[in-house]
Amino acid sequence: LFSTGTTDTCQVIVTQPRFQEADYSMHTVFLTCAFSASGCSSTPPQVLWFRFLTNEHEDLCTPGCTDHQKYTVHLSENNISLQINDLTVDDNAVYICGIAFLDSSSPLSKQTGDGTVLTKTAEKQNSNGKLISMIIASSLLFLYSTTVFTFFVVYKKISSGRKIFQAIAQELQKQRYAERCQQPDGLEDDTVYQNR
């Protein structure tokens, strides 16, 4: 009364690229997943796709896709790809591929890959806008520098003009004082009375 059964040795290994970057101009991306199976039946495996966002996990295709417009699974021998349409930065996540041979009881017959980190870059700002901003900022800085320099030069000229005027006034004052001090003794001032 004992059964002579065969041992289930189905073993699956799933590999995925670690990273995939999509340019901001791309609207569709294909995430790849490859698997190898040994000791498994010849029936096609069930293909599953999940994604992990920052705070949640989402079933995408288990096995049917939740949004047929957005996600499509392609299977070709031991290569699987998940096509993501209408790609946005909101699709940035870790995508995990799973393979399951449902007719096997082996725990190694159902495996997942390590996940692919998909990153879609945000649309670049208009480089002309940045250039115009830099030109405006440079022009304002140039105007400011020119104004400060002009003010400094004018102040220096006014300051040096005042010094020259003061020097001339001092010189004239010295000359008048010297003229007064050098009057001959024979000339007497009418306003001064002297007692002799």
Original post:
Are Val73 and Trp49 close enough that some pair of their side-chain heavy atoms sits under 4.5 Å apart?
Top reply: yes
Original post:
Just by modelled atom types, is the Tyr24 backbone N or O under 3.5 Å from a matching donor or acceptor in the Thr121 side chain?
Top reply: yes
Original post:
With a 4.0 Å cut-off, would you call Arg18 and Asp114 a salt bridge?
Top reply: yes
Original post:
Would you call Cys40 and Val12 a side-chain contact if the rule is heavy atoms closer than 4.5 Å?
Top reply: yes
Original post:
So do the side chains of Thr72 and Asn85 get within less than 4.5 Å of each other, counting heavy atoms only?
Top reply: yes
Subject >> N/O donor-acceptor pair under 3.5 Å between Gln20 side chain and Thr32 backbone >> reply: no
**OP:** Mind checking the NE2-SG spacing from His68 to Cys61? Nearest 0.5 Å is all I need.
**Re:** 8.0 Å
**OP:** For Thr119 and Asn92, test the side chains for any donor-to-acceptor distance below 3.5 angstrom and give the result as yes or no.
**Re:** no
Original post:
Regarding Ser106 and Ser104, is there a side-chain donor-to-acceptor distance under 3.5 Å anywhere?
Top reply: no
Original post:
To the nearest 0.5 Å, how far apart are OH in Tyr71 and CD1 in Ile84?
Top reply: 6.0 Å
**OP:** Using only heavy-atom distances, determine whether the side chains of Ser38 and Gln11 contain a donor-acceptor pair under 3.5 Å.
**Re:** no
Subject >> Aromatic plane relationship, Phe101 with Phe35 - under 30° parallel, 30 to 60° tilted, over 60° perpendicular >> reply: perpendicular
**OP:** Nearest 0.5 Å please: distance from the CD1 atom of Ile80 over to the CZ atom of Phe30.
**Re:** 14.5 Å
**OP:** Check whether Phe52 and Val117 end up in the same hydrophobic cluster, where Ile, Leu, Val, Met, Phe, Trp and Tyr are linked by side-chain heavy atoms less than 4.5 Å apart.
**Re:** yes
**OP:** Answer yes or no: is there a donor N or O on one side and an acceptor on the other, between the side chain of Thr116 and the main chain of Gln16, under 3.5 Å?
**Re:** no
Original post:
Which pair of non-hydrogen atoms, one from Gly113 and one from Val14, has the smallest distance, and what is that distance?
Top reply: N-CG1, 3.5 Å
Subject >> CG on Leu118 to CD on Glu21, rounded to 0.5 Å >> reply: 9.5 Å
Subject >> Salt-bridge contact Asp59-Arg51 (side-chain N to carboxylate O under 4.0 Å) >> reply: no
**OP:** Treating Ile, Leu, Val, Met, Phe, Trp and Tyr as nodes and any side-chain heavy-atom pair under 4.5 angstrom as an edge, say whether Val29 and Phe19 lie in one connected cluster.
**Re:** no
Subject >> Pairwise side-chain contact, Phe50 with Val94, heavy-atom cut-off 4.5 Å (strictly under) >> reply: no
Subject >> NZ on Lys110 to CG on Leu102, rounded to 0.5 Å >> reply: 6.5 Å
Original post:
Between the side chain of Lys70 and the main-chain N/O of Asp86, is any donor-acceptor distance below 3.5 Å?
Top reply: yes
**OP:** Please round to the nearest 0.5 Å and tell me the distance separating atom SG of Cys65 and atom CG of Leu82.
**Re:** 6.5 Å
**OP:** State whether a side-chain donor-acceptor pair under 3.5 Å links Asn78 with Ser36.
**Re:** no
**OP:** Could you check Thr62 against Leu60 for side-chain contact (heavy atoms from CB on, under 4.5 Å), going step by step and ending with a plain yes or no?
**Re:** CA-CA 6 Å; Thr62 57; Leu60 301 179; over 6 Å; no
Original post:
Does the distance from a Lys or Arg side-chain N to an Asp or Glu carboxylate O, for Asp23 and Lys120, drop under 4.0 Å?
Top reply: no
Original post:
What's the shortest heavy-atom distance between Ala93 and Leu53, and which atoms?
Top reply: CB-CD2, 3.6 Å
